[in-house]
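As the structure is a computational prediction, the values presented were derived from the model and not from experiment. To find a chain, count down the sequence lines: A is the first, B the second, and so on, and within it residues start at 1.
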Amino acid sequence: MSIQTPQAIRGTQDIFGPDAEAFAFVVETFERVRKLYRFRRIEMPVFEKTEVFSRSIGETTDVVSKEMYSFLDRGDESLTLRPEFTAGIARAYITNGWQQHAPLKVATHGPLFRYERPQKGRYRQFHQLDAEIIGASEPQADVELLVMADQLLKELGIDHGVTLMLNTLGDGESREAWRAALVDYFRAVKGELSEDSQERLEKNPLRILDSKDPRDKAFLADAPKIDDYLNAEAQDFFGKVTSGLDAAGVEWTRAPALVRGLDYYRHTAFEFVTERLGAQGTVLGGGRYDGLIETLGGPHTPAVGWAAGIERLAMLVGERETTALEAIVVVEDDDLLNWGIKFVANLRAGGVTSDLLASGSPRKRFDKAAKSGAAAIFALSMKDGEPSCRTKGDEAVLKRLDGMMHRAVLAAKPQ
RNA sequence: GCGAUCGUAGCUCAGUUGGUUAGAGCGCCGGUUUGUGGUACCGGAGGUCGUGGGUUCAAGACCCAUCGGUCGCCCCA
């Protein structure tokens with residue numbers, strides 16, 4: 001008679017050890033950098049009414065029909081685990097009257113949920129960092145966000161091999177003209193496109209531009225370019241973004257085929273990409289979404305933001321060690337257990353990273369302590385009928401711990 | 001939704017053309033040795049070979065199904 005252990009949900013992760021340390025390092029670095037730029041921390045609900053996402057994302061796409069975790073609550077209301085941060089933040093901006101704080105710079109991070117087939121760097125529950133500027137129409141907002149992203153990657157030590165790909169989708173008018181030209185162009189050669197792209201032609205023509213199929217690639221070089229459809233205003237906006245990046249010393253690469261599927265995106269679109277993560281190379285992405293807040297019933301509100309996958313950043317960061325062990329207290333005689341407990345408590349209260357080793361065969365404890373990598377070992381044992389503490393460690397470490405050690409020993413030593 | 005590939009101890013893996021009681025290293029537990037000591041040796045616990053069927057005198061190995069992992073396609077807010 002054995003109990004069947006329930007399995008973890010597909011696409012969820014139990015992160016432990018050096019991977020978890022890398023994850024924490026990413027979050028800690030983001031928190032530090034975000035404060036440098038005065039982005040205010042917000043905490044958001046993990047679920048919302050389904051409309052928050054379906055209305056902003058658009059009913060038609062696979063995204064809504066297949067890839068959201070939606071369910072009915074007890075009142076038969078459809079709720080959805082957040083698949084992104086932006087829509088929820090836009091909702092909060094409207095329902096809390098945050099217009100009074102505009103232009104509002106906010107940042108958050110946490111878990112998101114998408115019903116997808118897991119693969120490298122893609123999970124059903126995954127985690128993102130997020131930064132948004134709401135109520136700012138100037139290109140300087142785009143620039144500030146990108147400079148912050150750039151600094152974050154540098155401080156994570158992963159800027160080498162990660163490139164900022166930058167594009168503009170123009171304003172509403174330019175974007176529509178370009179889209180129409182693309183549809184005309186691809187429709188003329190429809191029969192020669194891949195099956196997938198023939199589908200895309202109807203549903204999401206911009207996406208043909210990043211097709212991986214060689215049949216499609218043949219036509220991409222001569223496809224209409226957004227630059228030929230930008231009006232003066234849109235051109236000026238993009239120019240200010242690029243010159244701002246240059247002024248701040250942020251390197252970027254023009255990516256004319258970089259697009260966004262959703263209609264509310266305007267002007268700047270960008271992705272920091274790497275070759276090092278297989279097929280999921282985008283590590284941080286975002287853009288300007290001036291149309292979003294209106295689709296949720298709010299006033300016209302220009303906004304721009306980005307999100308970054310914590311798991312993907314953590315993979316680039318690589319494994320990280322847990323906090324180094326400074327001192328380990330070994331109880332070599334079980335009668336001295338309480339001394340050990342008090343000893344290590346005093347060390348920790350004094351800010352020394354330490355462990356207590358008091359289990360298993362007493363004879364093997366010292367060897368285990370030696371293997372633990374601790375900079376200093378304090379071994380408690382009986383010597384000539386007296387409790388005694390023997391120390392081992394590098395001179396410098398012992399010296400630094402000296403005052404601490406004496407206090408810990410004296411305060412805790414029995415009799 | 002589609003495709004490829006993998007699944008043997010807690011971990012990393014071995015296991016020949018199908019052939020006795022499925023192994024090693026690491027880790028864990030205990031013992032001996034050493035005794036300012038990170039050593040060496042001995043022993044122990046731990047396996048429904050992912051699961052269920054099938055082929056066969058005989059299956060960890062071959063076939064089918066199923067579950068799970070990994071990678072890719074689609075999608076990518």
Side-chain angles (χ1 to χ4, degrees), chain A residues 1-2 4-14 16-17 48 52-69 80-90 112-124 126 128 130 132 194-200 203-204 206-208 210-213 258-265 269 271 273 277-282 285-287 289 291-292 295 305-307 309 312 328 330 332 357 359-374 376-379 381 383 388-393 398:
Chain A
M1 197 82 175
S2 68
Q4 194 69 38
T5 304
Q7 284 175 330
I9 306 296
R10 182 197 287 269
T12 62
Q13 324 166 70
D14 304 306
F16 172 77
E48 298 270 357
V52 169
F53 305 111
S54 63
R55 224 191 280 169
S56 64
I57 289 165
E59 301 283 356
T60 55
T61 56
D62 282 9
V63 164
V64 170
S65 51
K66 301 200 306 214
E67 297 182 7
M68 297 203 313
Y69 267 99
T80 295
L81 299 180
R82 64 185 180 196
E84 60 161 352
F85 279 113
T86 310
I89 292 172
L112 303 172
F113 305 84
R114 297 180 186 177
Y115 199 95
E116 300 189 280
R117 194 68 170 241
Q119 52 182 290
K120 190 179 181 71
R122 282 185 97 162
Y123 307 95
R124 288 188 174 178
F126 60 105
Q128 284 189 342
D130 186 273
E132 315 276 352
S194 67
E195 297 76 18
D196 284 331
S197 284
Q198 296 190 24
E199 277 280 302
R200 291 182 182 118
K203 287 174 18 186
N204 203 351
L206 271 51
R207 282 282 166 201
I208 299 176
D210 46 33
S211 170
K212 291 166 186 164
D213 195 300
L258 178 70
V259 296
R260 290 280 111 97
L262 304 180
D263 289 339
Y264 58 71
Y265 280 100
E271 289 178 4
V273 300
L277 294 180
Q280 310 299 328
T282 299
Y289 53 93
L292 172 61
T295 70
W306 56 248
R312 292 184 191 178
I328 188 162
V330 188
E332 293 194 281
L357 210 165
S359 63
S361 167
R363 306 183 125 202
K364 291 190 174 174
R365 289 178 197 169
F366 190 90
D367 285 358
K368 277 199 214 168
K371 278 192 199 169
S372 72
I377 300 173
F378 301 110
S381 61
K383 193 178 184 186
S388 87
C389 172
R390 290 185 292 189
T391 67
K392 188 189 181 195
L398 288 177

Q: Write out a two-atom table: protein N or O, nucleotide N or O from nucleotides 32-38 of chain B, distance below 3.5 Å.
A:
unit_1 : atom_1 : unit_2    : atom_2 : d
U32(B) : OP2    : Arg363(A) : NH1    : 3.3
G35(B) : O6     : Arg363(A) : NH2    : 3.3
G37(B) : N2     : Arg390(A) : NH2    : 2.9
G38(B) : N7     : Lys392(A) : NZ     : 3.2

Q: With Ser211(A), which residues qualify under side-chain hydrogen bond (donor to acceptor under 3.5 Å, both in side chains), at least two apart?
A: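 Ser211(A): side-chain hydrogen bond (donor to acceptor under 3.5 Å, both in side chains) contacts with Asp216(A).
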Q: In whole angstrom, give me the gap between the P atoms of A40(B) and U34(B).
A: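 Straight-line distance between the two P atoms is 15 Å.
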Q: Could you measure between the two P atoms, the one in G15(B) and the one in G52(B), and give it in whole Å?
A: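 These two P atoms come out 25 Å apart once rounded.
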Q: When the C1' atoms of G35(B) and U39(B) are considered, how many whole Å apart are they?
A: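 Result for the C1' pair: 12 Å, nearest Å.
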Q: Can you list the residues that meet the side chain to side chain contact (heavy atoms under 4.5 Å, CB included) rule with Ala374(A), with sequence neighbours excluded?
A: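 Per chain and number, Ala374(A) pairs via side chain to side chain contact (heavy atoms under 4.5 Å, CB included) with Leu325(A), Ile328(A), Ser372(A).
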Q: Looking at residues at least two apart in the chain, or sitting in another chain, which of them share a salt bridge (charged side-chain N to carboxylate O under 4.0 Å, His left out) with Glu116(A)?
A: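 Glu116(A): salt bridge (charged side-chain N to carboxylate O under 4.0 Å, His left out) contacts with Arg122(A).
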Q: Could you tell me which residues satisfy salt bridge (charged side-chain N to carboxylate O under 4.0 Å, His left out) with Arg200(A), sequence neighbours excluded, listed by chain and number?
A: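 For Arg200(A) there are no salt bridge (charged side-chain N to carboxylate O under 4.0 Å, His left out) partners, ignoring immediate neighbours.
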Q: When we call it a touch if two heavy atoms are under 4.0 Å apart, what does Arg200(A) touch: a base, just sugar-phosphate, or nothing?
A: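 Sugar-phosphate contact only.
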Q: List for me each residue that meets side chain to side chain contact (heavy atoms under 4.5 Å, CB included) alongside Glu271(A), sequence neighbours excluded, and say none if there are none.
A: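 So Glu271(A) forms a side chain to side chain contact (heavy atoms under 4.5 Å, CB included) with Leu258(A), Arg260(A), Val273(A), Thr282(A).
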Q: Between G30(B), C73(B), A77(B), which nucleotide has the shortest distance from any of its atoms to the side chain of Ser361(A)?
A: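 Out of G30(B), C73(B), A77(B), the nucleotide with an atom closest to Ser361(A)'s side chain is G30(B).
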Q: Using the test side chain to side chain contact (heavy atoms under 4.5 Å, CB included), find all partners of Tyr115(A) that sit at least two apart in sequence or belong to another chain.
A: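 Here the qualifying residues are Tyr69(A), Arg124(A).
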Q: Please write out the pairs of protein N or O atoms and N or O atoms of nucleotides 2-6 of chain B separated by less than 3.5 Å, giving the distance to one decimal.
A:
unit_1 : atom_1 : unit_2    : atom_2 : d
C2(B)  : N4     : Arg117(A) : NH1    : 3.4

Q: Distances for protein N/O vs nucleotides 66-69 of chain B N/O pairs under 3.5 angstrom?
A:
unit_1 : atom_1 : unit_2   : atom_2 : d
G68(B) : OP2    : Arg10(A) : NH2    : 3.0
G69(B) : OP2    : Arg10(A) : NH1    : 3.1

Q: What stems involve RNA chain B, if each pair must be Watson-Crick or G-U and both of its distances must be under 3.5 Å, with 3 or more such pairs in a row?
A: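 Counting only runs of 3 or more consecutive pairs, the stems involving RNA chain B are B:1-7 with B:67-73, B:10-13 with B:23-26, B:28-32 with B:40-44, B:50-54 with B:62-66.
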Q: If the condition is side chain to side chain contact (heavy atoms under 4.5 Å, CB included), which residues does Asp263(A) pass it with, not counting sequence neighbours?
A: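 Counting only residues at least two positions away or on another chain, Asp263(A) forms a side chain to side chain contact (heavy atoms under 4.5 Å, CB included) with Arg175(A), Arg179(A).
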Q: Give me the residues of residues 82-90 of chain A where at least one heavy atom lies under 4.0 Å from an atom of RNA chain B, by number, or none.
A: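 Listed by number, they are Pro83(A), Glu84(A).
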